[in-house]
Protein chains: 2
Amino acid sequence: MDKAPPETTNTDGRRASHGSVTLADVAALARVAPITVSRALNNPDSVSETLRSRIRTAVDQLGYVPNRMAGALASAKTKVIPVIVPSLSNVVFIEVIEGVQETLTAHGYQLLLGTTDYNLEREAELVSALLGWAPPGVMIAGLRHLPRTNTILKNAGLPVVEMMEYGARCIDMNVGLSHFRAGMEMAEHLLARGYRKIGFVGTRLRDDYRARQRYDGMHRRLLESKTASDMLFDYPGGGSQQLGWNALGDVLKTNPELDALFFANDEMAVGAILRAQRDGIAIPGRIAIAGFNGLPVSSLVTPALTTIISPRKLMGHTAAEMLLARISGGSPAARRVNVGLELAAREST
Amino acid sequence: MDKAPPETTNTDGRRASHGSVTLADVAALARVAPITVSRALNNPDSVSETLRSRIRTAVDQLGYVPNRMAGALASAKTKVIPVIVPSLSNVVFIEVIEGVQETLTAHGYQLLLGTTDYNLEREAELVSALLGWAPPGVMIAGLRHLPRTNTILKNAGLPVVEMMEYGARCIDMNVGLSHFRAGMEMAEHLLARGYRKIGFVGTRLRDDYRARQRYDGMHRRLLESKTASDMLFDYPGGGSQQLGWNALGDVLKTNPELDALFFANDEMAVGAILRAQRDGIAIPGRIAIAGFNGLPVSSLVTPALTTIISPRKLMGHTAAEMLLARISGGSPAARRVNVGLELAAREST
DNA sequence: ATGAATTTTGATAGCGCTACCATTTTTCTT
DNA sequence: AAGAAAAATGGTAGCGCTATCAAAATTCAT
């Protein structure tokens with residue numbers, strides 16, 4: 001905080017980055033070689049106490065901030081990890097990111113965020129662009145990508161974790177849960193409670209193929225039962241509470257024969273419950289409602305929402321830990337982890 | 001996708017970053033000078049059509065991904081912008097980030113995410129660390145930082161936008177709203193509806209000083225009125241629906257004389273409403289409830305929640321636009337923007 | 001005390017890219 | 001057609017840091 005130069009450009013007119021205080025300046029002030037300063041900062045134990053403290057003083061005095069670019073370029077190592085998710089509007093991704101962030105931060109890594117808006121083309125571009133940062137690993141949502149994306153990631157030869165869904169084939173590592181199975185379990189539950197005409201309400205199902213997998217799971221189980229049938233409702237727009245609110249009205253009007261609705265997520269399901277409350281529609285009397293995710297709100301609404309709880313933060317933690325394990329040369333406990341799911345049977349069904 | 005080398009290390013045993021295909025390789029294949037490839041990629045118009053297509057072919061054939069570190073080091077420019085927020089558990093920050101992300105992405109910038117967990121010490125470290133990426137600008141939540149943080153940011157001499165709150169003194173640019181005013185307006189509203197004993201329910205108010213400012217605003221207005229009084233409740237933990245749910249019970253038991261509760265955010269307020277619904281507590285008959293933020297759910301609960309709507313995504317967009325304007329040399333329309341707020345008087349009061 | 005093993009420090013040479021200026025080629029002017 | 005202006009291309013020299021190996025200083029063993 002003493003004599004940081006106000007100008008961003010050097011006096012000689014040549015390029016300069018930010019504070020313009022370089023490692024060499026520190027070295028000069030501390031009367032040591034630049035490489036020693038580098039060591040003192042990155043590997044303190046390899047420098048004697050004397051020099052270390054002299055260097056620390058110089059660093060503080062000059063307000064030196066290491067240029068990560070230069071360091072990364074020289075060592076071909078960074079501590080920035082791209083995390084690629086479809087969207088930030090969905091709480092689910094947020095919580096996974098949170099888990100990832102917590103673990104990464106604890107190990108001194110930074111998170112470089114990319115969103116694809118469920119567009120695989122954009123995902124491919126993003127992966128390419130982010131690889132330009134020479135990251136030590138990549139975290140990405142989903143198992144389905146363009147062939148191009150798979151190729152790029154495989155060729156990059158770095159640790160990759162695919163998150164959110166669990167499946168047989170992954171690029172490198174995989175942490176998630178089976179959405180197909182989630183759908184089956186919910187179908188099982190609804191059948192057990194006597195529902196026979198079940199609607200699945202989702203949004204943008206062509207893009208959100210994980211929600212679609214839940215539908216497929218449900219559909220399969222209902223087919224097996226031979227006594228029940230389903231109906232698929234696909235709305236445009238994000239899976240918000242407002243959408244669930246609207247959907248309940250629509251569906252009841254156009255398909256009064258339905259006796260249960262399985263929503264693609266808790267947000268929508270909660271919206272539907274709030275609508276039912278407002279309009280005096282009996283749940284589960286008139287129609288049963290189920291969701292997916294196990295958001296905290298699901299247990300607070302009346303009636304409490306039947307849902308499938310997914311361990312989102314755990315997923316983030318696990319994924320980050322696996323990645324870090326691989327980065328530091330070791331191998332993770334397992335290359336594929338199914339974090340599982342838990343059906344919470346509550347009042348709404 | 002042709003001949004990407006499987007190894008990460010060079011044959012000569014020296015360091016290599018990722019794909020190891022460099023600009024020089026592309027140049028060799030296209031039979032031009034490296035600098036021409038650089039130009040073809042960064043400033044296509046300055047290269048003839050002939051060479052440009054020859055270079056593009058070479059790039060595709062080799063699967064070349066530019067090394068951003070090297071580029072950034074050489075040009076002292078990056079397209080990565082640090083965004084520093086207290087937490088990801090709060091929807092409010094997410095929506096601002098979303099807005100920021102949309103605008104930044106549209107201009108080819110990347111978002112480097114940092115969270116402080118409401119810890120100013122950590123914030124200072126984060127700022128320092130992120131400046132090491134020589135970013136062209138910085139976005140940070142809040143106007144209150146450690147003196148050290150202010151110094152670092154000012155000395156860095158780059159565009160800085162402070163978001164979320166609007167105030168007189170900012171490091172460089174500021175986009176937000178006045179939380180003090182929000183508190184006053186809510187007090188005004190509650191007074192107008194005849195409430196006189198008002199509780200403010202928040203969490204971690206020492207850290208979340210913006211919530212505290214809302215309380216201060218309310219307190220001031222109530223003092224002026226001379227007829228009303230307030231009471232402050234400060235809970236530990238995050239401001240979740242569950243916490244609002246619990247708080248309603250606590251507060252009614254220990255302070256039955258209260259006739260209104262102003263929650264620090266909509267999440268808590270909605271939790272309280274859901275609890276009231278479940279327990280048959282009349283709102284606003286027994287007690288009025290108000291929130292802050294204007295989350296979509298606030299208008300879906302019964303009774304609909306009175307709240308103050310803050311334009312969060314707009315804040316993110318505006319902030320990002322101002323920053324980009326400054327980065328590209330221009331100056332933003334204004335250095336300080338008050339995005340304003342809107343009180344939605346609904347059924348819960 | 002003396003040579004060997006160990007620790008600490010330094011000199012050198014890039015990492016992959018772009019700024020800067022010089023050179024060549026093309027287009028324009030009269 | 002000859003020279004001037006403009007456009008396209010290239011050579012050189014770093015950006016700030018760290019890997020590698022070499023040298024110096026220290027500690028250890030006998």
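Proteins come first, then strands; the chains are lettered A, B, ... in the order of their sequence lines, and each starts at number 1.
- Distances shorter than 4.0 Å separate none of the side-chain N or O atoms of B:S46 from OP1 or OP2 on D:dT9.
- A straight line from CG of A:D25 to P of D:dC15 spans 11 Å, rounded to a whole angstrom.
- For A:K77, whose side chain is taken as the heavy atoms from C-beta onward, the closest listed nucleotide among C:dG10, C:dT18, D:dA19 is D:dA19.
- A:M69 has its CE atom 16 Å from the P atom of D:dC15, to the nearest Å.
- Between D:dC17 and A:S38, no contact under 4.0 Å exists linking OP1 or OP2 to a side-chain N or O.
- Note on B:T36: a side-chain N or O is less than 4.0 Å away from OP1 or OP2 of D:dG10.
- Among B:R169, B:R336, B:H145, the one residue that satisfies the side-chain hydrogen bond (donor to acceptor under 3.5 Å, both in side chains) test with B:E162 is B:H145.
- Counting non-hydrogen atoms under 4.0 angstrom, B:A33 reaches the backbone sugars and phosphates but no base.
- Contact check for B:P159 versus B:M173: side-chain heavy atoms found under the 4.5 Å cut-off.
- Between the side chains of B:Y118 and B:E123, no donor N or O sits under 3.5 Å from an acceptor N or O.
- Across the protein-nucleic acid pair, A:L73 atom CG and C:dC17 atom C1' stand 8 Å apart, rounded to whole Å.
- Look at B:N67 and you won't find any side-chain N or O under 4.0 angstrom from OP1 or OP2 of C:dC15.
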Could you go through the salt bridge (Lys or Arg N to Asp or Glu O under 4.0 Å) check for B:D172 and B:R326 one step at a time?
-> CA-CA 10 Å; B:D172 180 27; B:R326 280 287 303 283; 2.9 Å; yes

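- When rounded to the nearest whole Å, the span between CG of B:N43 and C1' of D:dA8 equals 12 Å.
- Within the structure, every side-chain polar atom (N or O) of B:S75 is placed at least 4.0 Å from both OP1 and OP2 of D:dC15.
- Mapping A:D45 and B:N42 onto DNA chain C by nearest heavy atom places A:D45 closer to the 5' end of the strand.
- Candidate nucleotides C:dC17, D:dC17, C:dT8 were compared by shortest atom distance to the side chain of B:P66, and C:dC17 ranks first.
- Taking atom CZ of residue A:R39 and atom C1' of nucleotide D:dC21, one finds them 11 Å apart after rounding to whole Å.
- Atom CD of B:E49 and atom C1' of D:dA8 are 14 Å apart (whole Å).
- A donor N or O paired with an acceptor N or O is not found under 3.5 Å between the base of C:dG16 and the side-chain atoms of B:R68.
- Under the 3.5 Å distance criterion, the side-chain polar atoms of A:N43 are left unmatched by any main-chain donor or acceptor of A:R39.
- A straight line from CD1 of A:I35 to C1' of C:dG14 spans 12 Å, rounded to a whole angstrom.
- Rounded to whole Å, the distance from CG on A:L51 to P on C:dG10 is 7 Å.
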